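This report concerns only the one structure given below.
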Amino acid sequence: MQTHADYRLSQLDELESESIHIFREVVAELERPVLMFSGGKDSIVMLRLAEKAFYPARLPFPLLQVDTGLDFPEVLATRDSWVERLGATLVVASVDEAIANGVVVDDGRTSRNRLQTGTLLDAIEKNGFTAAFGGGRRDEEKARAKERVYSHRDEFGQWDPKNQRPELWSLYNGRLHAGEHMRIFPLSNWTELDIWHYLEREEVEIPSIYFAHRRRVFERDGMLLSEHPANPCRDGEVVTERTVRFRTVGDLSLTGCVESEASTLAEIVEEVAVARVTERGATRGDDRFSEAAMEDRKKEGYF
Amino acid sequence: MDLLRFATAGSVDDGKSTLIGRLLLDSKAIFEDQLEAVEATSRTKGFDYTDLALLTDGLRSEREQGITIDVAYRYFATPQRKFIIADTPGHVQYTRNMVTGASTADLGLVLVDARQGLTEQSRRHAVILSLLRVPHLVLAVNKMDLVDWDEETFNRIRQEFVQFAQRLNVPDLAVIPISALQGDNVVTRSENMPWFEGSSLMHHLENVHIASDRDLRDVRFPVQYVVRPKSDEHHDYRGYAGRVASGVLKPGDEVLVLPSGLTSKIAGIDLYDEEVAEAFPPMSVVVRLEDDLDVSRGDMICRVRNAPEPTQDIDAMVCWMTRDPLRPGRKLAIKHTTRSARALVKDVQYRLDINTLHRDLEAGELGLNEIGRIRLRTTQQLFVDPYEQNRTTGSFILIDEATGTTVGAGMTN
């Protein structure tokens, strides 16, 4: 048994406690929650916190993954392993199926990432989910810095940043009208470094592509992208093999990697601690379109 | 490493954004791509200097109007502490955002311009921080470079503020002369103000003693959720999940459960798959009791001779957060700890002028962003402590039942 001489929690324990409180509050008050699970590091931390919040009971909600058809196989393998260990229910919403069913329109110019929004909203509506846990953090991006822990979405799944509910103390307001839902962000107060520290401490499985590995890559817009049939090289782009790792995992065609030798969590923590560029700025093509790229996507109903 | 949450209030003119920008820059919490984006935007707008407010004003409408509207949360860490800044706008029409930011803060930072001294706005910020019982207050006298680092000017402002703060509830006050623009006394001690013997702002933030702010004596454990696995392996497991609001819980302690009034002993306290020897605020744990009592969400576990008095009559200070005024006779939903009920507004005793502390007994109603004392009658008993004793069991929110929005923030008397 642990004792604390000074009755102080470390900041990581305090963040953990806050997030667990949020998970329990949502399950107690909202009817059909779901956890949006991408297999990325943030959603793994979320899942770990959810596991702790309800232990020794099983997760009282399913996981929802939006399959872009361009997911890294290593990420899907980690997803399956987590689902099996926790005995969780997994709901997969496929972008390809959404295109086939006419839910979203692939005009050839819109990225897979953007098509996820329609697919996600469709899955939330069809399954009647009233609360969707997301791994968004306020330190990621300035539009996110303004987001509530309980983020209200109207019947169209839209976020109205000018009309958010005040959020005081740890008293969350989960009131909804029919057709509306909440996005819940239990990791709001975590930073990228907190996430890595926590993964290191908890010693849980994460996708192997977060660690340094050899990969055939080419440079585009200052990012290193993977060689892949879905991602054909343009004129002048040259594929070389380098030692790289990923800082975020998204859609294969948009997520870049960085050159790195970090092959353990301790080495990653060290690297993140001295990083001078945000993870999204460095490796996410989807956030680069405009200064308000994230705000616009969030208004539409993105994660 | 522990965590300190602090709230800042102010407008661009006070140099608040410059100060936050400097704290973030000097603790390396701003990344190169963020700084480059802000530099580029400042250039296209034709500014001579890098407008650090652009870092915090995240919404397009805020950038367009050049003002902070909403609460923005910012993060930085030093080897000693991690910090969460609730950055709130300063104008009176955004009082509700200031109240929101202050509700979770351990420390409040009020900025004044040394050339102007105390203003109505800086007094109002101090009043709000004291109403929300933010235990530590820092008055940063900024732009000292523009008054030639003059000790007299600083002393005059400090004197005036100390006198004003006597009328408020301010347990801990520090007054620091700074220049956010030039960095004096922000992270390192200023060479321009050798007469100042106190520590720099960052040093103060890193070292201010917050451990004693919590109440470790009065056990309050609002039951949030009942964990019942209903699996073969844990067939008989029944635990009460929640976050410790105050006090220290230990296995073997005799406890009282509200509202039933039944007593039992703590059989064990679980944190995931391990048993812990004690639970204290703000830990999220699962408490198991020796007896099979009927305990559910909204109940509260306390000690036998130390429990709040269950009541349906609430006397509280309320900050009203919506246009449609708060008047006697109005029915609202109330959420207090993990307990939800309905509430009827019995009367509005007075409206507090947050600039002068004058009580208007004739007001009869509270408008948007106004603060006043009201009485409520609730449909169910609530287990409240005075807010000045317990910020968790003394706080509640009021919700409009038709729109579902949070319309009021309450602090019990």
Side-chain angles (χ1 to χ4, degrees), chain A residues 1-4 6-18 20-21 24-25 27-29 51-58 138-139 141-146 152 161-162 164-173 175-177 188-189 191 193-194 275-278 281-282 291-292 295, chain B residues 1-3 31-34 37 41 55 58-61 70-75 77 82 84 96-97 99-100 103-104 211 214 216 224-225 227-231 233-234 237 241 243 248 272-278 280 282-284 297 321 335 338 391-392 395-397 399 404-406 409:
Chain A
M1 286 207 232
Q2 293 181 337
T3 52
H4 293 254
D6 58 351
Y7 297 111
R8 287 297 297 169
L9 286 184
S10 72
Q11 70 102 3
L12 213 50
D13 283 329
E14 189 164 339
L15 291 175
E16 180 187 67
S17 163
E18 179 180 87
I20 287 175
H21 173 84
R24 289 172 174 162
E25 204 57 17
V27 168
E29 289 204 316
E51 180 190 2
K52 290 191 171 192
F54 303 102
Y55 185 87
R58 283 201 184 157
R138 288 176 181 147
D139 81 318
E141 204 278 334
K142 56 191 170 186
R144 284 216 200 267
K146 305 268 167 168
H152 181 260
K162 277 179 164 173
Q164 300 192 82
R165 294 176 179 176
E167 201 159 74
L168 298 114
W169 297 287
S170 47
L171 291 169
Y172 301 106
N173 172 1
R175 294 260 169 161
L176 290 175
H177 292 110
S188 288
N189 286 326
T191 62
L193 195 55
D194 295 329
R276 300 307 309 135
V277 180
T278 59
E291 192 178 22
E295 184 178 342
Chain B
M1 184 161 82
D2 64 359
L3 181 63
F31 293 93
E32 279 166 13
D33 54 327
Q34 290 173 311
T41 309
L55 277 168
L59 302 175
R60 187 181 281 148
S61 54
D70 207 339
V71 185
Y73 294 90
R74 293 271 142 201
Y75 304 83
K82 174 176 168 174
I84 301 179
R96 64 173 196 157
N97 306 73
V99 168
T100 302
S103 72
T104 50
R214 298 153 315 145
L216 296 174
Q224 203 186 357
Y225 182 77
V227 180
R228 293 209 61 187
K230 295 175 191 159
S231 62
E233 199 186 339
H234 303 281
Y237 189 96
R243 202 172 189 201
V248 179
Y272 184 47
D273 61 354
E274 63 177 314
E275 279 199 50
V276 292
E278 48 200 357
F280 52 88
M283 283 171 80
S284 282
R297 175 175 168 86
M321 302 182 150
K335 187 174 179 186
T338 56
R391 290 172 83 189
T392 307
S395 55
F396 59 86
I397 54 170
I399 298 164
T405 34
T406 304

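In what follows, every chain begins at residue 1, and chains take the letters A, B, ... in the order their sequences are listed. Every value quoted in this text rests on a predicted model; they were computed, and no experiment measured them.
- The two residues B:Val99 and B:Ala409 make their nearest non-hydrogen contact at CG1-CB, 4.4 Å.
- For the atom pair OG1 (B:Thr406) and CG (A:Leu168), the distance works out to 7.5 Å, reported to the nearest 0.5 Å.
- Looking at heavy atoms from C-beta onward, A:Leu171 lies in side-chain contact with B:Ser395 at the 4.5 angstrom threshold.
- Options A:Pro166, A:Pro56, A:Ala53 differ in how many heavy-atom pairs under 4.5 Å they form with chain B, and the most are formed by A:Pro56.
- The contact between B:Tyr73 and chain A is made by backbone and side chain atoms together, counting heavy-atom distances below 4.5 Å.
- Using a 3.5 Å distance cut-off with no hydrogens or angles, the side chains of B:Arg243 and A:Ser17 do pair a donor with an acceptor.
- In this structure, the portions of B:Ile397 lying under 4.5 Å from any heavy atom of chain A include both its backbone and its side chain.
- Side-chain polar atoms of B:Thr100 and B:Asn97 form no donor-acceptor pair below 3.5 angstrom.
- When heavy atoms are compared at a cutoff of 4.5 Å, A:Arg24 approaches chain B by way of both its backbone and its side chain.
- Ranked by heavy-atom pairs under 4.5 Å with chain B, the list A:Trp169, A:Tyr55, A:Tyr172 is led by A:Trp169.
- For A:His21, the parts sitting under 4.5 Å from any heavy atom of chain B are the backbone and the side chain alike.
- The shortest distance between side-chain heavy atoms of B:Met283 and A:Leu9 falls below 4.5 Å.
- Side-chain contact between A:Arg165 and A:Arg175 is present, with at least one heavy-atom pair separated by less than 4.5 Å.
- Of the atoms belonging to B:Met321, it is side-chain heavy atoms, and not backbone ones, that fall under 4.5 Å from chain A.
- To the nearest 0.5 angstrom, B:Ser284 atom OG is 11.5 Å from A:Lys52 atom NZ.
- Contacts with chain B were tallied for A:His152, A:Glu51, A:Glu25, A:Glu16; A:Glu25 has the most, counting heavy-atom pairs under 4.5 Å.
- Between A:Gln11 and A:Asp194 there is a side-chain heavy-atom pair separated by less than 4.5 Å.
- With a threshold of 4.5 angstrom between heavy atoms, A:Leu176 does not approach chain B through any atom at all.
- The contact between B:Val248 and chain A is made entirely by side chain atoms (from C-beta outward), counting heavy-atom distances below 4.5 Å.
- Only the side chain of A:Glu29 comes within contact range of chain B, judged by heavy atoms closer than 4.5 Å.
- Considering only heavy-atom pairs separated by less than 4.5 Å from chain B, the leading option among A:Ile20, A:Leu12, A:Leu15, A:Asn189 is A:Asn189.
- Comparing B:Lys82, B:His234, B:Glu233, B:Met1 by heavy-atom pairs within less than 4.5 Å of chain A, the highest count is held by B:Lys82.
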